[in-house]
Amino acid sequence: MMEFGFSISPSSTMNLDKVDFSLYERLCEIEPDAKKCMACGSCSATCTAGQWTGMSVRKVLLDIQRGKEAEAARLLKGCMLCGKCTMVCPRGINTRHLILSLCRIYGEDEK
Amino acid sequence: MIYQGKQKIWSDYQKEIPDNHWFYVRSCIRQSFFPASERYFMKICRDLLGKDIYETEHHTTCGGIAYHSDTIPQETAMTIVARQFALMKEAGYKNLVTSCITSFGNYTEILETWREFPELEARIRENLWKACRREFDKPEYLAHASDLVYKFRHEIASKAKYNLVDHMTGEPLRVVEHIGCHYSKMFPHKGVGGAEYPCVLSGMVDSWGGQVIDYPERRHCCGFGFRQYLVKANRGYSIANTHKKFESMEPYHPDMIITNCPGCPYFLDRWQYVISEMEGKTYGRNGYGIPVFTYEEVAGLVLGFDPWDLGLQLHQVAVEPLLEKMGIPYNPKTKYLGLNGKEIMKPGLPTVLKCC
Amino acid sequence: MKDNIVIVGGGIAGMEAARQLLLLGYKPILVEKSDHLGGHVADWHCLFPDMTPAQQVVKDLTEQIKDANIFLETEVSFINKMKMGYNVMFSNGVNVICKAILLATGFDLFDASKKEEYGYGIYDQVMTNKDLEHWFNTGDDKRITGKDIKKIGFVHCVGSRDVKAGNQQCSKVCCITAIKQAMEMKERFPDAEVYCFYMDLRLFGKKYEDFYIKAQMESGVHFIRGRVSEVSENLQGQVIVKTEDTLSGKPAKITLDLLVLMAGIVCNREAVQTASMVQVPIDSDGFLKSRDNILNIIETDSKGVFLAGTATGAKTIPETAAEARAVALAIHNYLVSQQ
Amino acid sequence: MIDRFASGFDPFVIPFLIGMIFVLGYCIIGAIRLILQLDAEDKKKFFLSLITPKTIWKNIKDLFLNCLIHVKLWKRNKLLGYMHSSIAFGWFMLILLGHIECFVYMPHRVKLFYYPIFFNYFVAENEYTLRGAIFFFLMDFFLLVVLSGIVLAIIKRVRSRLFGMRRTTRPTLLDRVGLYSLWMIFPLRLLAESFTAHISGGSFLTIPMNMMFKAFLGDQMNMLPTWWAYSICLCIFMCVLPFTRYMHIPAEMLLIPFRNAGLTIKHARRGFAKAQVYSCPNCGVCIDACPMSIKKANIKDTTVYLNRNIRRRNEQRIEEISDKCLLCGKCTAVCQVGVDGPQMRIAQRSIRNYGLDQDYSGMDISAIKESVASEPSKDKVLYFAGCMTQLTPAISRAMESIFRKAGVDYAFMDKDGGLCCGRPILMAGRFDQARQLIHKNKEVIKASGAGTLVLSCPICYKIFREHYKLEGIRVMHHTEYMLELVRAGRLKLDGGAGSIVYHDPCELGRGCGIYEQPREVLRQTGELVEAEANRDMAICCGGSLGSLTLGFDKREDLTRNALHNLTVNDPDTIVTACPLCKSTFARYADKPVEDIAETVDKHTK
């Protein structure tokens with residue numbers, strides 16, 4: 001192998017054919033309401049932790065739906081579990097439990 | 001693919017191509033990348049088709065590379081192009097044919113700009129007069145050399161010694177056609193078949209017996225992109241595009257790639273080596289690459305010219321497996337012999353990509 | 001009188017149905033609980049898509065139904081089912097025996113103070129779509145009059161598409177109303193910046209998309225895709241709106257001089273009571289239940305009881321009027337078949 | 001009294017002895033295991049409490065009042081109280097008197113521990129019997145007391161509604177065996193003692209029965225079989241006891257000293273937690289108390305079922321039950337043995353495995369610190385509204401207005417957004433994360449230099465009180481603080497609020513014991529009426545953050561039920577002191593719902 005001083009740039013295109021939906025599917029098994037999200041952003045706007053840690057439930061859910069597990073994990077680590085997002089969700093999703101469930105199923109396969 | 005659907009679009013984008021008397025302008029880079037291509041184009045036009053084609057040594061670059069890499073303003077490029085038009089006028093020609101796709105795009109863009117802003121054209125006339133006391137007429141017809149080959153594809157087919165078929169099985173070869181972005185993506189009505197489904201190359205492939213394959217990234221850029229390649233820090237984007245094209249065409253097992261642009265065959269050919277070194281991956285059969293040709297080289301092969309006279313030894317990807325498949329005889333010993341039988345030296349072999 | 005028809009509700013649906021029934025030769029009895037005809041439309045100023053004055057619409061209709069028996073400030077006290085029809089008792093003491101009843105009971109505007117986080121009734125500079133129309137009509141509102149308004153926000157979907165507010169349905173007209181009001185405000189305050197906070201823009205009707213483009217091009221309304229989560233107030237009495245700009249994926253906040261809440265359409269609570277007297281149940285969306293929701297939306301499972309307008313769900317005025325015409329014909333056919 | 005048998009033994013005591021040895025062995029080993037499971041700190045606390053006179057006395061008092069007399073039950077339901085204390089206290093007295101009798105008359109037999117139990121079989125009366133008549137009478141009397149309890153128990157089994165219990169648990173097979181053997185013990189004892197009453201002596205119950213039996217049964221052939229039956233019944237009861245709900249009898253004797261030693265649940269399944277599980281008598285009082293029980297689907301998620309499933313090690317059910325609970329604490333308020341349902345559940349939640357842990361170490365909160373930082377001052381008040389109050393801005397607005405009216409120097413800690421107090425994440429069983437948040441918030445509070453911290457959210461208040469350890473800073477809920485202002489004359493109320501019902505938020509009432517302060521304020525604000533169930537019996541609004549799994553749509557019925565309870569006296573306004581209760585009630589109430597701060601603010605002169 002030769003060193004050229006540059007390498008193939010990773011594509012910014014999301015290849016939905018290659019997205020791994022397994023985490024999202026597992027999430028939907030235990031939290032069917034995850035499918036209800038219409039991405040209105042209320043949860044992120046109201047989030048207590050958001051302004052300190054960047055947490056955003058909407059983004060977490062979107063990341064999981066797009067197979068971006070690492071990004072979602074980074075956000076989830078900043079959640080304070082205060083439940084404000086659950087209060088404001090216009091679709092009545094139990095976001096707080098959804099977050100807990102996600103934290104649990106991360107790394108479930110390795111066990 | 002619904003062939004009829006594409007035919008309908010092709011019929012909407014037919015282009016008037018003059019029959020004879022052309023003023024030919026060469027490409028800056030093709031003569032070093034694919035030195036025999038332009039020569040054989042002239043040879044085919046003059047000797048085989050008996051056409052009048054003129055070229056002059058006073059011709060220079062069109063400024064396209066500098067323009068696309070942001071080093072000169074468009075007005076400069078326009079003045080350069082105006083000078084080429086003056087040369088054509090002086091030689092008494094009205095039909096301009098370019099060898100280079102970027103030149104073609106550049107000429108087209110300039111002519112369209114002048115059409116929209118006549119005051120700009122007037123200023124360029126003034127510039128040209130001030131700079132070199134020349135006057136120009138705009139060409140009546142502007143064509144790319146591949147348009148001419150497309151126009152005479154049936155005549156070439158009638159004189160063909162070999163076809164784009166597997167001579168053992170009679171199966172048509174699976175051909176990827178790749179058209180330079182500047183051919184019709186900027187001005188779709190200026191290219192044969194428009195921007196979405198141009199047929200300038202697929203027309204040749206069809207009439208010479210091959211089968212065009214339609215793969216998802218068919219319209220994607222080869223990855224040259226001027227700024228992307230020329231600046232090393234951006235070069236990863238350049239190769240990423242080429243990589244994307246190869247990944248997309250790989251499942252179709254193409255036998256060859258035919259192109260009509262200076263940059264495309266070069267990058268499609270050389271990046272195969274770089275990708276093989278970076279990723280350990282090759283796209284042809286048995287560790288070879290997919291050979292990449294200019295349309296002149298393909299026409300030359302079909303007409304039975306010697307592969308080494310066509311300059312195919314200068315390709316990175318070995319062409320021998322394809323020649324064997326088409327049943328074209330070649331002499332491995334003369335591969336690296338120059339015009340006068342002089343050794344031009346054999347290149348070193350890549351570690352991954354198989355070459356002969 | 002055997003061909004008595006009682007119309008409950010003097011809004012657009014009730015009035016238009018009365019007009020058609022008059023043309024068909026009937027003399028309907030129209031009862032309206034408030035002191036004027038026209039329902040919610042009477043409180044409005046101009047109507048999309050052609051900025052028709054609402055008062056004109058109500059006036060035209062009122063003139064054309066003056067031959068009907070109209071009882072204002074009257075409610076239905078009770079309804080008894082009889083062998084051939086219904087015995088309806090009004091709160092003004094009048095008792096009518098009729099063969100057909102039309103429930104054109106309309107809607108209630110969602111009570112915006114129920115969304116406490118938006119601060120309606122708590123912060124000075126928060127108003128509803130209805131308050132704004134009132135200001136358009138009268139020019140009297142201390143939130144606007146004499147104030148230096150530089151930044152205005154419109155919150156879409158207040159009490160619509162929100163299970164927490166008890167209404168999951170889309171109110172259908174708020175998107176276009178918000179855009180209409182945004183443009184009207186921009187006309188009155190040309191220097192002001194106007195923001196619309198939306199979840200989805202549902203602009204489906206005739207010329208609505210034109211309104212949208214006009215709002216973007218001419219009025220320069222800023223559209224921010226994100227539902228407002230909460231509102232607070234600063235020392236100057238301006239409101240601070242928190243939302244997520246979902247398109248840039250970032251929480252956002254903005255200070256506004258005026259915040260207009262687009263209160264949605266919910267079922268009229270009193271209508272539910274009247275409907276229960278004639279065994280018309282509530283559908284799963286919270287509005288009155290039709291026989292079916294495709295071809296028989298104006299009919300019910302109770303014989304001789306018909307529905308029109310927003311009693312069965314959010315509708316625009318043209319849709320309501322069309323339904324009212326249809327229901328007049330349906331009532332006519334029903335009465336003919338009964339003879 | 002004289003010995004009837006020189007050996008002082010008869011084979012029929014063997015079953016009793018087997019049962020007794022088994023149950024004693026089991027309980028002693030169990031108790032030692034539970035004590036060993038305590039961590040070092042708790043062990044120290046426990047042993048210290050056993051030698052501290054104050055706790056010794058408290059232990060004795062609690063054991064007597066709770067285990068024997070069942071005072072808590074008496075307070076709640078006289079009939080149930082009588083039933084339980086008649087059996088427990090009666091039986092205890094029978095055993096105690098038996099021993100005293102033995103000690104008085106047969107001191108040389110005391111060391112045979114079956115002897116006092118079967119005393120009447122082994123002795124015969126002689127001329128000194130009259131000296132024992134008082135004992136005979138007492139023994140018969142307490143037997144009668146126990147029997148009356150048993151009769152009530154049988155009736156309760158068939159018709160529990162007569163005892164005010166709507167729902168109760170279904171006993172398991174072993175429970176039934178235990179139950180029936182327990183029921184049988186006392187009638188059999190009566191029979192046995194009656195058959196020997198002419199020899200050993202008896203009183204108003206046994207003598208007439210003896211005579212009656214003599215009249216139509218004739219011989220003494222029945223004497224020995226009934227004593228055998230009595231002994232076997234005792235044996236069965238004692239052998240199944242560890243595997244039935246009756247385990248609560250010995251377990252509570254350990255739980256009470258544990259609790260008096262000040263232990264808390266440190267581990268979900270060991271030590272103190274285990275003692276709680278075994279102390280649960282499965283009476284099912286918590287079922288009716290639980291606010292979720294108004295929906296049939298939730299009945300099996302009450303504390304009694306949690307204990308049952310922990311005993312059965314049914315992990316899936318343990319998880320479901322622990323996560324669903326609202327943590328309102330009402331089960332604990334009604335529980336006879338004081339099983340701490342919320343704490344038990346939080347403990348179960350804490351032993352979950354998470355693939356991802358929250359971590360706030362990188363969080364920069366200097367902006368909040370700067371916004372509140374000032375010189376330390378005793379008079380300065382720091383106001384923390386909390387996350388939920390951000391959604392009910394009327395509360396924080398009213399609080400600011402009150403501060404201004406009373407001339408309080410205050411800083412608003414989370415005006416522009418703050419951190420979570422940590423209680424919600426603590427309730428989810430994530431203790432380390434809660435500790436991190438507590439640490440961060442403490443930094444801000446310390447920087448503010450305030451002497452008093454006022455909170456309007458009871459959820460925050462509870463964790464601030466219990467876990468923050470803010471030395472030198474008074475932590476007050478706004479109800480307490482307003483009362484202080486009113487008492488000091490800094491706030492004057494006009495009393496014109498009309499009739500008000502006060503809802504006790506779970507975290508403030510049962511959680512922190514604040515019941516009277518808001519009422520005292522409200523009495524001066526308007527006419528205070530009470531809800532049907534109030535104070536520690538108040539019903540959770542249904543909006544609690546305690547429940548992890550209860551979805552929004554599953555809560556409506558709970559809220560409506562709580563509203564119904566609040567509005568029995570038809571108040572004009574519903575007043576609460578929690579932002580979460582407020583927004584939950586407001587959603588379904590047809591009366592205005594206010595926070596106490598709003599009411600006070602509106603009615604200040």
Side-chain angles (χ1 to χ4, degrees), chain A residues 12 14 31-76 78-99, chain C residues 110 112 114-119 153 155-171 174-175 195-202 223-232 239-254 256 259 261-264 266 286:
Chain A
S12 59
M14 221 184 314
E31 302 280 342
D33 276 5
K35 295 179 246 177
K36 268 191 194 168
C37 177
M38 56 176 166
C40 72
S42 309
C43 46
S44 312
T46 201
C47 184
T48 296
Q51 65 169 311
W52 314 108
T53 68
M55 171 62 184
S56 158
V57 190
R58 182 190 65 77
K59 268 199 230 170
V60 165
L61 202 50
L62 186 70
D63 284 342
I64 299 287
Q65 284 168 345
R66 300 290 183 266
K68 288 153 65 178
E69 296 181 14
E71 282 93 329
R74 192 178 53 76
L75 294 175
L76 280 171
C79 173
M80 295 179 183
L81 232 59
C82 71
K84 228 176 141 195
C85 47
T86 312
M87 301 284 301
V88 299
C89 179
R91 283 271 167 101
I93 304 172
N94 187 350
T95 47
R96 185 156 167 261
H97 192 252
L98 187 140
I99 292 165
Chain C
F110 176 76
K114 280 195 165 180
K115 293 289 292 177
E116 186 181 335
E117 57 265 44
Y118 291 168
V155 183
H156 293 223
C157 301
V158 176
S160 315
R161 302 180 70 197
D162 185 353
V163 285
K164 300 285 164 66
N167 180 24
Q168 275 205 61
Q169 308 307 316
C170 168
S171 296
C174 322
C175 282
Y195 297 84
C196 281
F197 302 95
Y198 69 98
M199 296 199 277
D200 294 299
L201 283 177
R202 298 184 165 180
F223 288 91
I224 296 180
R225 194 202 171 274
R227 190 169 168 272
V228 170
S229 72
E230 59 207 65
V231 176
S232 50
V239 284
I240 300 167
V241 167
K242 272 171 83 177
T243 183
E244 189 198 11
D245 180 5
T246 56
L247 299 182
S248 20
K250 289 231 164 69
K253 58 180 178 181
I254 183 166
L256 301 170
L259 187 68
L261 307 179
M262 305 310 296
V266 293

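Chain A is the first sequence line, chain B the second, and so forth, proteins listed ahead of strands; every chain is numbered from 1. Just so you know, these numbers come straight off a predicted model, no measurement behind them. Keep in mind that the numbers below use all heavy atoms, side chains included, and drop hydrogens, waters and symmetry copies.
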Rounded at 0.5 Å granularity, tell me how far NE2 in H156(C) sits from CG in L201(C). 6.0 Å
Can you tell me how far the CZ atom of F197(C) sits from the CZ atom of R225(C), to the nearest 0.5 Å? 13.5 Å
So which bits of residues 78-85 of chain A come within less than 4.5 Å of chain C, counting non-hydrogen atoms only? K84(A)
What residues of residues 46-60 of chain A make heavy-atom contacts with chain C at a cutoff under 4.5 angstrom? T46(A), S56(A), R58(A), K59(A)
Rounded to the nearest 0.5 Å, what separation is found between the SG atom of C157(C) and the CG atom of D200(C)? 7.5 Å
Mind checking what makes side-chain contact (heavy atoms from CB on, under 4.5 Å) contact with Q65(A), not counting sequence neighbours? Y24(A), L61(A), L62(A)
If we define contacts as heavy-atom pairs under 4.5 Å, which of G249(C), G226(C), A252(C) has the most with chain A? G249(C)
Measure from the side-chain N and O atoms of Y118(C) to the backbone N and O of L259(C), and report whether any donor-acceptor pair falls under 3.5 Å. no
Under 3.5 Å side-chain donor-acceptor pair for S229(C) and S42(A): no
Picking from K250(C), Q168(C), K242(C), R161(C), which has the most non-hydrogen pairs under 4.5 angstrom with chain A? R161(C)
Spacing of OG1 belonging to T95(A) relative to NZ belonging to K36(A), to within rounding of 0.5 Å: 12.0 Å
Results of side-chain contact (heavy atoms from CB on, under 4.5 Å) for D162(C) - residues two or more places apart only: P90(A), K115(C), K164(C), A165(C), R227(C)
Rounded to the nearest 0.5 Å, how far apart are CD1 of I64(A) and CG of L98(A)? 9.0 Å
Test your reading of the model: is there a side-chain donor-acceptor pair from S44(A) to the backbone of P251(C), 3.5 Å cut-off? no
For the backbone of K68(A) and the side chain of D63(A), can you confirm whether one donor and one acceptor N or O come within less than 3.5 Å of each other? no
Counting heavy-atom pairs under 4.5 Å to chain C, which of C43(A), C89(A), G92(A) comes out on top? C89(A)
